[in-house]
Structure formats: C-alpha cells, structure tokens
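What follows is a set of notes on a single structure, which appears directly below.
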Amino acid sequence: MTSQGSARRPKYQRIADALRVAIQAGEYGPGDRLPGENDLMATYEVARMTARQALGVLQNEGIAEARKGAGVFVRAFRPLRRRGIQRLAHEQWGSGRSVWSTDTEDRELVVDQIEVREEEANDRISDALAVPAGARVCVRSRRFVLDGKPVLLATSFLPSDVVADSSVTRADTGPGGTYARLAELGHAPVHFREEIRCRMPSADEADRLSLAMGTPVIQIVRTAFAEGGRVVEVNEMTLDSASYVLEYDFDA
C-alpha cells in the first residue's frame with residue numbers, strides 16, 4: 001500500500017496496524033498487556049472512541065482479548081490444528097482413542113454442557129438422516145473446552161432405532177466414542193462428508209463460546225455413512241474461528 005493510500009485509512013485502522021506490527025515483531029508477547037485507551041489517545045492524539053476502535057480491531061481478529069477491569073492483552077491461546085482427515089481414520093477411534101486426541105496432543109480438553117435426549121426429527125434432520133419426518137432420533141449436545149477456553153459446540157443426531165439402549169444414549173460413550181459404539185452395533189462408519197462454511201454466531205453461541213464481539217464462527221456439518229450408504233450420524237459443529245487452523249493433508 002502506498003503512503004498516500006495508507007494516509008486514507010481511518011486513524012483507528014492505522015493504530016491497529018502499528019500495534020499488530022509490534023506484536024508480530026515480539027514487542028508484545030502472548031499474555032502481555034497492550035497500551036490502553038488513555039495511552040493510545042496520548043500517543044496518537046486521537047479521541048477515546050478512535051483508540052477503542054483500534055483495540056477492537058485486534059480483538060475481532062483474535063489477536064487480542066479484553067479482560068474486564070484489566071485491559072486488552074495479546075491473546076495467549078495457541079490455535080488448535082484440526083487435522084480433518086487423520087482424526088476420522090478407523091485406526092483412530094477403532095483402537096479406542098478419541099478423534100480429538102489427534103488434535104489436542106497433550107493439551108487439557110474438557111467436555112461439558114453434555115445433554116443427551118430423544119426427540120422427533122424435524123424436516124431438516126429427517127432429510128439429513130434419510131429417515132421419515134417425525135422419526136425418533138438420539139440427540140447428543142456438548143461443548144469442548146481446551147486449556148480453559150471454549151472452542152467448539154457440537155450436536156449429533158443419530159437414528160434411535162440404531163443406537164437404542166446403547167452407550168450412545170448415555171453421557172459417556174466409552175473408549176473410541178460414538179463411532180466405536182456404532183461399530184459394535186454393526187453400523188461402523190466407512191465414509192464421512194464434511195461441509196464447511198463461515199457465519200456470524202447467534203447470541204447463545206457467542207455466550208457459550210465466550211466470543212469477542214465481531215468474531216465469526218466456522219460451521220462444520222459432518223455426515224457419517226455406514227456400509228450400504230446408510231447415514232448413521234449427522235454432527236453439526238460450531239467452532240470459534242479464532243481458535244482453529246483447519247488442516248487437510250492428503251495425497252495427490
């Protein structure tokens with residue numbers, strides 16, 4: 001960008017650019033406090049709103065986070081690398097390991113807000129599962145918290161006639177998770193499809209994921225197919241976009 005083009009950028013953007021460069025250069029490390037509104041007002045001779053907007057840009061980009069009563073800090077959270085293909089390999093869940101173990105390595109993962117229920121499939125879910133409208137489905141909702149930071153909301157839908165009276169209908173599905181239990185029931189997933197898009201979160205999603213204002217989410221809808229093409233699970237996942245790197249590694 002030319003200096004003339006740079007001069008046309010709003011002041012708050014130019015301040016955010018300067019702070020971003022300083023962070024990238026290591027002047028501010030993970031967990032360090034950034035200059036506050038008063039500091040930026042004095043340094044750049046701008047109004048408080050301009051200083052606030054500059055800090056807001058970095059928060060929206062996921063570079064910084066606000067801590068109530070303390071200021072704005074360089075985000076210390078290390079993004080999670082989601083290995084989209086390796087995590088779903090049969091040797092992963094088939095050997096009793098969680099699909100998450102591919103992503104988290106030695107980091108602390110907590111699954112909370114677990115809810116398991118049975119309900120009638122609405123039109124959207126009945127189409128996705130290829131079951132009649134109103135058919136009974138098992139619904140598993142949960143939240144994943146990594147290193148104390150909520151990163152993912154997930155809701156799985158499974159045909160009740162497939163998983164009835166199995167561990168899938170309980171909070172703890174056991175080693176290998178849902179896919180290992182489906183295999184034991186004779187419905188092992190043999191093929192997966194994931195659809196990915198980005199959008200802004202709902203108010204409930206932003207609250208449950210502790211998202212900074214303006215942070216988008218990644219929505220991944222995964223469909224699991226058993227032998228013969230039957231759909232045995234549809235998993236709707238909502239990811240904090242600032243917490244993830246999506247990695248797909250495959251041969252040509």
Side-chain angles (χ1 to χ4, degrees), residues 80-105 109 111 114-144 146 151-198 217-239 244-252:
L80 178 65
R81 188 168 293 274
R82 184 182 189 273
R83 296 173 172 86
I85 294 176
Q86 295 92 325
R87 69 199 310 271
L88 294 174
H90 178 270
E91 57 264 28
Q92 182 71 18
W93 48 266
S95 61
R97 297 194 303 272
S98 164
V99 296
W100 271 79
S101 63
T102 302
D103 306 333
T104 58
E105 299 171 344
L109 176 69
V111 183
I114 301 172
E115 181 184 351
V116 184
R117 63 188 184 276
E118 189 178 74
E119 62 183 39
E120 291 185 0
N122 58 28
D123 290 343
R124 176 175 58 84
I125 297 303
S126 65
D127 287 345
L129 285 175
V131 298
R136 306 297 292 178
V137 295
C138 173
V139 184
R140 297 182 53 83
S141 299
R142 59 267 191 218
R143 182 179 72 163
F144 295 80
L146 186 68
V151 295
L152 167 73
L153 306 175
T155 302
S156 294
F157 301 88
L158 306 100
S160 287
D161 66 314
V162 169
V163 301
D165 300 322
S166 73
S167 295
V168 176
T169 63
R170 296 190 280 273
D172 183 0
T173 55
T178 295
Y179 297 147
R181 303 293 80 75
L182 285 171
E184 292 168 356
L185 294 168
H187 298 279
V190 297
H191 180 72
F192 296 97
R193 180 181 66 223
E194 288 192 342
E195 299 176 355
I196 303 172
R197 69 186 181 97
C198 292
V217 293
I218 301 169
Q219 184 173 56
I220 300 178
V221 179
R222 180 170 67 234
T223 305
F225 300 85
E227 196 71 51
R230 179 170 187 181
V231 178
V232 289
E233 184 212 35
V234 173
N235 189 353
E236 298 181 343
M237 294 164 277
T238 304
L239 293 65
Y244 275 90
V245 174
L246 305 185
E247 178 182 300
Y248 295 90
D249 183 9
F250 47 87
D251 295 332

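What you are looking at is a predicted structure, and each value in this text was computed from that prediction instead of being measured. Each residue takes its place number in the sequence, starting with 1. FYI, side chains are in, hydrogens and waters are out, and symmetry mates aren't considered; it's all heavy atoms of this structure.
- Residue pairs meeting the side chain to side chain donor-acceptor pair (under 3.5 Å) criterion with at least one partner in residues 120-131, sequence neighbours excluded, are Arg124-Glu236.
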Start with the C-alpha distance between Asn235 and Val221, add both sets of side-chain angles, then the distance that settles side chain to side chain contact (heavy atoms under 4.5 Å, CB included), and finish with yes or no. CA-CA 6 Å; Asn235 189 353; Val221 179; over 6 Å; no
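- Listed by first then second residue, pairs satisfying ring-ring contact (aromatic ring centres under 6.0 Å, His included) with a partner in residues 155-176 number zero, not counting sequence neighbours.
- For residues 174-187, every residue pair satisfying the salt bridge (Lys or Arg N to Asp or Glu O under 4.0 Å) rule, not counting sequence neighbours, is listed here: Arg181-Glu184.
- By the side-chain contact (heavy atoms from CB on, under 4.5 Å) test, Arg117 pairs with Glu115, Glu119, Val139, Ser141, sequence neighbours left out.
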Would you please test Val168 and Leu158 for side chain to side chain contact (heavy atoms under 4.5 Å, CB included) and show each step? CA-CA 9 Å; Val168 176; Leu158 306 100; 4.1 Å; yes
What verdict does the side chain to side chain contact (heavy atoms under 4.5 Å, CB included) test give for Leu152 and Thr238, after you've listed the backbone C-alpha separation in whole Å, the side-chain angles of each residue and the deciding distance to 0.1 Å? CA-CA 6 Å; Leu152 167 73; Thr238 304; 5.6 Å; no
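- Taken to the nearest 0.5 Å, the CD1 atom of Ile220 stands 5.5 Å off from the CG atom of Leu246.
- Listed by chain and residue number, nothing satisfies the side-chain contact (heavy atoms from CB on, under 4.5 Å) test with Ala130 (two or more places apart in sequence, or in another chain).
- Looking only at atom types and distance, the side chain of Ser156 has a donor-acceptor partner in the side chain of Arg142 under 3.5 Å away.
- Shown here are the salt bridge (Lys or Arg N to Asp or Glu O under 4.0 Å) partners of Arg170, two or more places apart in sequence or in another chain: there are none.
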Test side chain to side chain contact (heavy atoms under 4.5 Å, CB included) on Gln219 and Ile196 and set out the steps. CA-CA 6 Å; Gln219 184 173 56; Ile196 303 172; over 6 Å; no
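- Residues passing the side chain to side chain donor-acceptor pair (under 3.5 Å) test with Ser160 are Glu118, sequence neighbours excluded.
- Scanning for side chain to side chain donor-acceptor pair (under 3.5 Å) contacts around Arg82 gives Glu194, with sequence neighbours left out.
- Partners of Glu227 by side chain to side chain donor-acceptor pair (under 3.5 Å), not counting sequence neighbours: none found.
- The pair Arg193-Glu195 counts as a salt bridge, with a side-chain nitrogen and a carboxylate oxygen less than 4.0 angstrom apart.
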